[in-house]
Each structure stands twice: as C-alpha cells, then as structure tokens.
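Structure, as structure tokens:
Side chains included, hydrogens not; waters and symmetry mates left out as well; all remaining heavy atoms used.
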Amino acid sequence: MENVGKSVTFACGLIFFRTVFSLFEALSGRGLFMTRNIFKGMAPAMVTPFGDDGTVDYEALRRLTEFQLSEGADFLCILCTTSETPCLTFEEKAEIKRTIVDVNKGRVPVLMGCGGNNTRAVVEELLSGDFRGIDGILSVCPYYNKPSQEGLYQHFKTIAKASPLPMVLYNVPGRTGVNMSAETTVRLATDCENIVAIKEAAGKLEQADDIIKHKPEGFDVLSGDDALTFPMVAGGAAGAISVIGNALPRQVSRMIRYEFKGEYEPARRIHHAFTELYSLLFVDGNPAGVKALLSEMGMIKNNLRLPLVPTRITTREKMAGILKRLTV
C-alpha cells in the first residue's frame, strides 16, 4: 500500500507540473524556455575599412571597433550589408569576425550576418561555422529569387531550427526585391522561439507598428532605417541597427536612450540635427556615404570595392559642412 501511495503522489505531482507548464506556455505565447532578445539600443551596421591597395585595413577596423565601444554602442552588428559582405572572401570574413571579437572581449553582444537566398547553403553554414564570440545571427530575406510569404516563412523556420544562436530577421525589400509582411514576421516570431527580433527596413512605419502591436513576448523590432529610428522607437521599437551610428554612435545612442526614458524633446533635437545627413548618407549608395563621413573624421580611408564607388565630391563636402556644425 505504501508503494501504491507513493505512485499516486508521483502521478499527481506529474499531472500538476504538466498542467502548470501548459498554462504558462499558453500565457507566454512562446513556451516556458523562450529566448528573449538581448539586442537592444544602438548598434552600428559596421563598415569594412579598405586600404589604398584594396585589402582589408585591420588596424582601422580595430580602431573603429574600439571607437564604437567607447562611444556607447549597445551591441555590434558585423558582416552585414554595410560591411560590403558580397565583395569579401571567406577568409576575410573570418578574419574580420576574429578581429572584432578580439577587440570587443565580450563587452557588448555581437550580432553577425548569416543569410542568403539558398536555404540549404545557409543551414550548412550555420552547422559548420565558427561562432565563438558571437551572440546571435542576422539573416536577410532571400534576394533575387523573390519567394512568396509562405516561402519566406519556411526559409526562416528551417534556418531557425539549424541555428545554434538566437536569430534576428532582416527585412529590406529595397535590396532583396521582396517585402516580408507583418503577418509573416509575427508568425515566425510566434512559432520559432529562437527568432528574437527583426531589423525592419521596409521604410513603412505602419508595417513596423503592426509588428509591434501583434508580436509575442520576448520578440522585438529594431529600426533598420536611420531616418525612421526616432518615430519607430517612440512607437515601441527596441532600438536600431544604424548606418549613421558608425560615425556618430554617441549621439544616436543618446537619442535612443532619451526615448527609452520618455524624454522625447531632447531625442527629437538629435533626430532633427541629422535630418539632412540621413539623405546624404544614402544618395550615392550605402556605405559610400558613411565611409566618406568616417574619412572626414580620420577614422578610415575613403575606399570601397567595386561595383561600389566613393560618394560624389559635392555630397562629401555637404556632409563635411554638417559635421562641423553639429552640436548635439
């Protein structure tokens, strides 16, 4: 009888645990052990400095990384669009990653680009890659082959299953030719526990707002458009992956932190101080604009890899004039 009593007690305990687990899972929307987003605040979409001979300037990269850390970057986004990754070799990407990780030494989270339009190839990269010192991956919507919304969902769901790290989606239809809808984003965020955020760069405030409104707990929206960072954070975004942040990390970080505290007037002043720069940075393509700005600051040389070329002299002169006048 004693053994029977113990069995009944154990069974009741197991039923109770399962009931509590199911209730918590239902309430959370993403399960008991959901992954929460650690990529909040401001991250630069880091450029890749090149020397006059066209090789990667690792000394300048170390200097730029330390500059970001000392000027208040909350996390780093590496090997992304602004890094000119399509024109980097496998060996260069590996050394860039090692260099930045070495300088960072775990001070802030590091988000690394890992995406493409061949689902199987991305999965293989995730299964075989070296992710030491990396805290998450940024994966862009498949480009050129223009999948449907169901194709986007299945692509990212497959990648999420293979990823050893938390994953941030990247929606940038101006480059990929396809816009991932708010509905698809929320569906992925709900179904895949390790998909923790999206870098939303569709240029549509209403789409970002729709994601923020319907997203599950633990999932965040990050601005991918510098000109929209102020209104997106005001509307509930968790920060930005910023191009202008390469050159002005302290100011962009401060703007976002003001907004987090509900101090919108000083944040608005910083935003308005950058209004003209937002346009100039992209008028001749990215990262041509921000590389010219960094060159004016003496941080890197104004070199890009073909097919990208430096920004026009007139654009550079306008940006240099604004830089001199900035008081924020």
Side-chain angles (χ1 to χ4, degrees), residues 35-51 55-85 88-115 125-139 163-168 170 194-197 199 218 220 222-224 238-257 260 287 290-291 293-295 297-301:
T35 305
R36 290 186 177 273
N37 176 44
I38 63 170
F39 303 105
K40 299 175 185 285
M42 196 288 296
M46 292 191 67
V47 303
T48 300
F50 297 118
T55 60
V56 177
D57 186 343
Y58 292 104
E59 182 181 346
L61 180 61
R62 296 182 76 89
R63 184 168 61 246
L64 185 61
T65 303
E66 187 58 49
F67 171 69
Q68 293 295 330
L69 296 169
S70 63
E71 290 288 294
D74 297 293
F75 63 102
L76 303 175
C77 184
I78 70 172
L79 295 175
C80 53
T81 306
T82 310
S83 308
E84 298 177 71
T85 46
L88 296 172
T89 66
F90 174 83
E91 291 76 16
E92 286 172 331
K93 291 177 186 177
E95 187 60 29
I96 287 168
K97 176 253 181 188
R98 282 193 292 268
T99 300
I100 293 172
V101 166
D102 181 62
V103 175
N104 181 47
K105 291 182 171 58
R107 284 181 278 178
V108 299
V110 178
L111 182 67
M112 185 172 78
C114 182
E125 183 178 354
L126 287 168
L127 294 176
S128 62
D130 177 9
F131 295 99
R132 286 174 294 180
I134 303 301
D135 301 283
I137 66 162
L138 177 73
S139 199
S163 178
L165 295 169
M167 183 169 152
V168 176
Y170 182 17
N194 65 330
I195 294 181
V196 298
K199 178 185 177 183
D220 286 316
L222 298 165
S223 169
I241 297 174
S242 170
V243 173
I244 195 173
N246 276 280
L248 301 165
R250 177 170 51 85
Q251 293 89 337
V252 180
S253 296
R254 186 190 301 163
M255 179 183 76
I256 292 171
R257 287 168 189 159
F260 285 166
V290 74
K291 278 196 161 183
L293 198 58
L294 285 165
S295 178
M297 297 168 63
M299 296 293 298
I300 65 171
K301 293 189 174 182

Minimum heavy-atom separation for [X] to [Y], with atom names?
{"X": "Ala45", "Y": "Ile241", "answer": "CB-CG2, 3.9 Å"}
{"X": "Ala247", "Y": "Leu293", "answer": "CB-CD2, 3.7 Å"}
{"X": "Gly245", "Y": "Met42", "answer": "CA-SD, 4.2 Å"}
{"X": "Ala73", "Y": "Pro44", "answer": "CB-CD, 4.0 Å"}

When rounded to the nearest 0.5 angstrom, what distance separates [atom1] in [X] from [atom2] in [Y]?
{"X": "Glu125", "Y": "Asp130", "atom1": "CD", "atom2": "CG", "answer": "11.5 Å"}
{"X": "Met299", "Y": "Leu61", "atom1": "CE", "atom2": "CG", "answer": "10.5 Å"}
{"X": "Ile100", "Y": "Thr65", "atom1": "CD1", "atom2": "OG1", "answer": "4.5 Å"}
{"X": "Met112", "Y": "Cys77", "atom1": "CE", "atom2": "SG", "answer": "10.5 Å"}
{"X": "Leu222", "Y": "Phe75", "atom1": "CG", "atom2": "CZ", "answer": "5.0 Å"}
{"X": "Cys80", "Y": "Tyr170", "atom1": "SG", "atom2": "OH", "answer": "7.0 Å"}

Side chains of [X] and [Y], heavy atoms from C-beta outward: is any pair under 4.5 Å?
{"X": "Lys97", "Y": "Val110", "value": "no"}
{"X": "Ile256", "Y": "Asp74", "value": "no"}
{"X": "Leu69", "Y": "Val108", "value": "yes"}
{"X": "Phe131", "Y": "Ile137", "value": "yes"}
{"X": "Leu138", "Y": "Phe39", "value": "no"}
{"X": "Pro166", "Y": "Ile38", "value": "no"}
{"X": "Thr55", "Y": "Phe50", "value": "no"}
{"X": "Ile96", "Y": "Ile78", "value": "no"}

Kindly say whether [Y] contributes a backbone atom to a donor-acceptor pair with the side chain of [X] at under 3.5 angstrom?
{"X": "Arg107", "Y": "Asn104", "value": "yes"}
{"X": "Ser253", "Y": "Gly72", "value": "yes"}
{"X": "Lys291", "Y": "Thr48", "value": "yes"}
{"X": "Gln68", "Y": "Asn246", "value": "yes"}
{"X": "Ser83", "Y": "Met46", "value": "yes"}

Practice task
Kindly determine whether Ile244 and Val252 satisfy side chain to side chain contact (heavy atoms under 4.5 Å, CB included), including the steps that lead there.
Solution key: CA-CA 8 Å; Ile244 195 173; Val252 180; 3.7 Å; yes
Exercise for the section: Walk me through it: do Asp220 and Val196 pass the test side chain to side chain contact (heavy atoms under 4.5 Å, CB included)? Expected result: CA-CA 6 Å; Asp220 286 316; Val196 298; over 6 Å; no
Practice task
Taking atom CD of Glu59 as the centre, report whether more than 12 heavy atoms of other residues, nucleotides or ligands fall under 6.0 Å from it.
Solution key: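 No - once you tally the heavy atoms of other residues, nucleotides and ligands closer than 6.0 Å, there are 12 at most.
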Problem - Contacts of Glu95 that satisfy salt bridge (Lys or Arg N to Asp or Glu O under 4.0 Å) - sequence neighbours left out - result: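 So Glu95 forms a salt bridge (Lys or Arg N to Asp or Glu O under 4.0 Å) with Arg98.
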Handout entry: Worked verdict on Leu88 versus Leu79 for side chain to side chain contact (heavy atoms under 4.5 Å, CB included)
Key = CA-CA 9 Å; Leu88 296 172; Leu79 295 175; 4.0 Å; yes
